Structures are given as C-alpha cells and as structure tokens.
Amino acid sequence: MRLISSKWTSFHKKIVPDCIFVTGVVTPVLVLTLAYLAPDQGYSLYVNILLLALLVSTLIVSYREKKVFAGDLLDEVWDDGENLVLVNDDQRVTVPLSHIINVSETFGVPWRITLLLRPPCRFGGAVVFAPPLRRDPVFKPTARGSVVGEDLLKRVHRLEEDGQK
C-alpha cells in the first residue's frame, strides 16, 4: 500500500486553526488590557469596539477554518491497487476504484482532492483529502493539479472505458 494523502493533514486540521484562534484572541485581549491599564493614553470607546470586533471576527474565522476548510479532510488515504483505504478518526473504509464516479481537485491551502462515490461509504458520498505537494524538479506554472489526482482520474477513466466495452 502507498500513502497518497499529505503527511501535513493533521497540521492543517488541528494546528493551523488553533494558531489562528490563539493569535486572534491573545492580540485583542492584550491590547484591551493595556488600554485599561493606561486609561490616560487617549484610547477611545471606538478603539475598544474595534478590538472587540476583531476578537469576534477572529473567532469566526478560526471556527470556519477548522470546520469548512480542513474539517472534512480525511486523515489518511492509502492506494492498494484496485482499492483505496480511507482512514479518519481511527475508522477504516475500503473503497474499490470502480465506486469512484469523479475525481476533482480544488486549489487552496491545503490542496484538496474530492472523490465522488457511488454508493456512499461511511464517510459520505463525497470524501475529501489533501494530496502531497507536487515536487517537480523545475517550477511549472502551467502544471495543473497534483500527481495523485491526475493518476486517480486516469485510473478511474480507464475502469469506465473497460466497463463500457
């Protein structure tokens, strides 16, 4: 079996949102505390309201980062020839390549590959994972997608063509 998901998935799922949360909470609280410790420095009510708005918006952004951007990523995806082994929260599901309807990629941090499945597995009808970064020896600005996504798409299309003949 070959690991086809990024080794940085847990970093994107756990560390990044927590860093955003801590930075966004500590900074406004620190500034507000300094403002109240030195009230004669001319801090106005508007500055305090702005800092509280910054605090609330940071909480919203960190929650969104955790739930929307990285929360749906699978922990690991393993390629086992004709099957993919999906791992999330110590649960394993084996999905045959023939159950994959489509492979799509989304640019972002992290890069995401979405597999549409029929029938749905325990993790749903659309599973998402982060592939390893492309490691080309030369920078190619016209390169599209990841090597993993391209390979999976070719294999799925090959299975569809073989099934139709």
Side-chain angles (χ1 to χ4, degrees), residues 1-27 53-165:
M1 280 199 306
R2 175 176 67 104
L3 181 66
I4 61 171
S5 60
S6 174
K7 296 177 183 175
W8 290 88
T9 301
S10 62
F11 175 77
H12 287 291
K13 285 178 78 170
K14 297 174 181 135
I15 306 298
V16 171
D18 291 345
C19 287
I20 292 171
F21 178 78
V22 168
T23 304
V25 170
V26 169
T27 304
L54 176 67
L55 175 67
V56 170
S57 64
T58 304
L59 293 173
I60 292 169
V61 167
S62 64
Y63 176 79
R64 183 173 165 84
E65 169 69 23
K66 192 166 202 148
K67 294 297 179 190
V68 175
F69 294 124
D72 60 346
L73 293 176
L74 295 173
D75 292 336
E76 294 177 344
V77 177
W78 295 85
D79 187 354
D80 191 18
E82 293 300 315
N83 299 312
L84 293 181
V85 178
L86 313 176
V87 180
N88 199 29
D89 297 331
D90 297 328
Q91 296 180 358
R92 289 180 171 263
V93 174
T94 302
V95 175
L97 285 180
S98 59
H99 289 187
I100 299 174
I101 301 169
N102 191 23
V103 178
S104 62
E105 297 187 67
T106 308
F107 174 73
V109 178
W111 194 278
R112 299 160 59 96
I113 293 179
T114 304
L115 305 175
L116 291 178
L117 305 175
R118 187 184 317 143
C121 69
R122 182 181 316 159
F123 302 131
V127 294
V128 182
F129 70 96
L133 295 175
R134 183 185 279 270
R135 290 191 181 94
D136 290 332
V138 177
F139 175 68
K140 297 179 185 175
T142 58
R144 296 193 180 267
S146 66
V147 176
V148 171
E150 291 171 2
D151 178 54
L152 280 175
L153 189 60
K154 287 177 187 175
R155 290 167 57 195
V156 166
H157 283 307
R158 192 176 319 126
L159 281 173
E160 286 176 358
E161 290 172 0
D162 292 344
Q164 290 178 354
K165 292 181 182 179

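Quantities reported herein were computed from a predicted structural model and do not represent experimental measurements. If you read the sequence from its start, that first residue is 1, and numbering goes on from there.
Across all non-hydrogen atoms, the minimal contact from Arg122 to Gln91 is CD-OE1, 3.3 Å. Taking all atoms of both residues into account, the shortest heavy-atom contact from Ser5 to Pro132 is C-CD, 3.9 Å. Closest heavy-atom contact between Pro131 and Val148: CB-CB, 4.2 Å. Nearest approach of Phe129 to Ile4, heavy atoms of both residues: CE1-O, 3.5 Å. Listed here is the closest heavy atom pair of Thr114 and Ala126: CG2-CB, 4.2 Å. The two residues Val93 and Cys121 come nearest to each other via the heavy atoms CG1-CB, 3.8 Å.
Remark: Asp151 engages Arg155 in a salt bridge, criterion side-chain N to carboxylate O under 4.0 Å.
Of the inter-residue distances, the one linking Phe11 atom CZ with Ser6 atom OG reads 10.5 Å to the nearest 0.5 angstrom. Atom CZ in Arg118 sits 10.5 Å away from atom NE2 in His99 (nearest 0.5 Å). Leu73 CG to Ser10 OG: the interatomic distance, rounded to the nearest 0.5 Å, is 11.0 Å. Rounded to the nearest 0.5 angstrom, Glu76 CD and Met1 CE are separated by 9.0 Å. The NZ atom of Lys154 sits 6.0 Å away from atom CD of Glu150, with the distance rounded to the nearest 0.5 Å.
Applying the side chain to side chain contact (heavy atoms under 4.5 Å, CB included) rule to Asp18 yields the partners Lys66; only residues at least two apart in sequence or on another chain are considered. Remark: Val156 pairs with Ile100, Val103, Glu160 by the side chain to side chain contact (heavy atoms under 4.5 Å, CB included) rule, at least two apart or across chains.
Leu84 has its side chain within reach of Asp79: a pair of non-hydrogen atoms, C-beta onward, lies under 4.5 Å apart.
Panel note: side chain Asp75, backbone Asp89; a donor-acceptor pair is recorded below 3.5 Å.
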Problem set entry | Check against side chain to side chain contact (heavy atoms under 4.5 Å, CB included), Asp72 and Arg112 | CA-CA 10 Å; Asp72 60 346; Arg112 299 160 59 96; 2.8 Å; yes
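Screening Thr94, Leu86, Val85 for a side-chain contact (heavy atoms from CB on, under 4.5 Å) involving Trp78 leaves a single residue, Val85. Of the candidates Asn102, Leu97, Val127, Ile101, Leu115 forms a side-chain contact (heavy atoms from CB on, under 4.5 Å) with just one, namely Val127.
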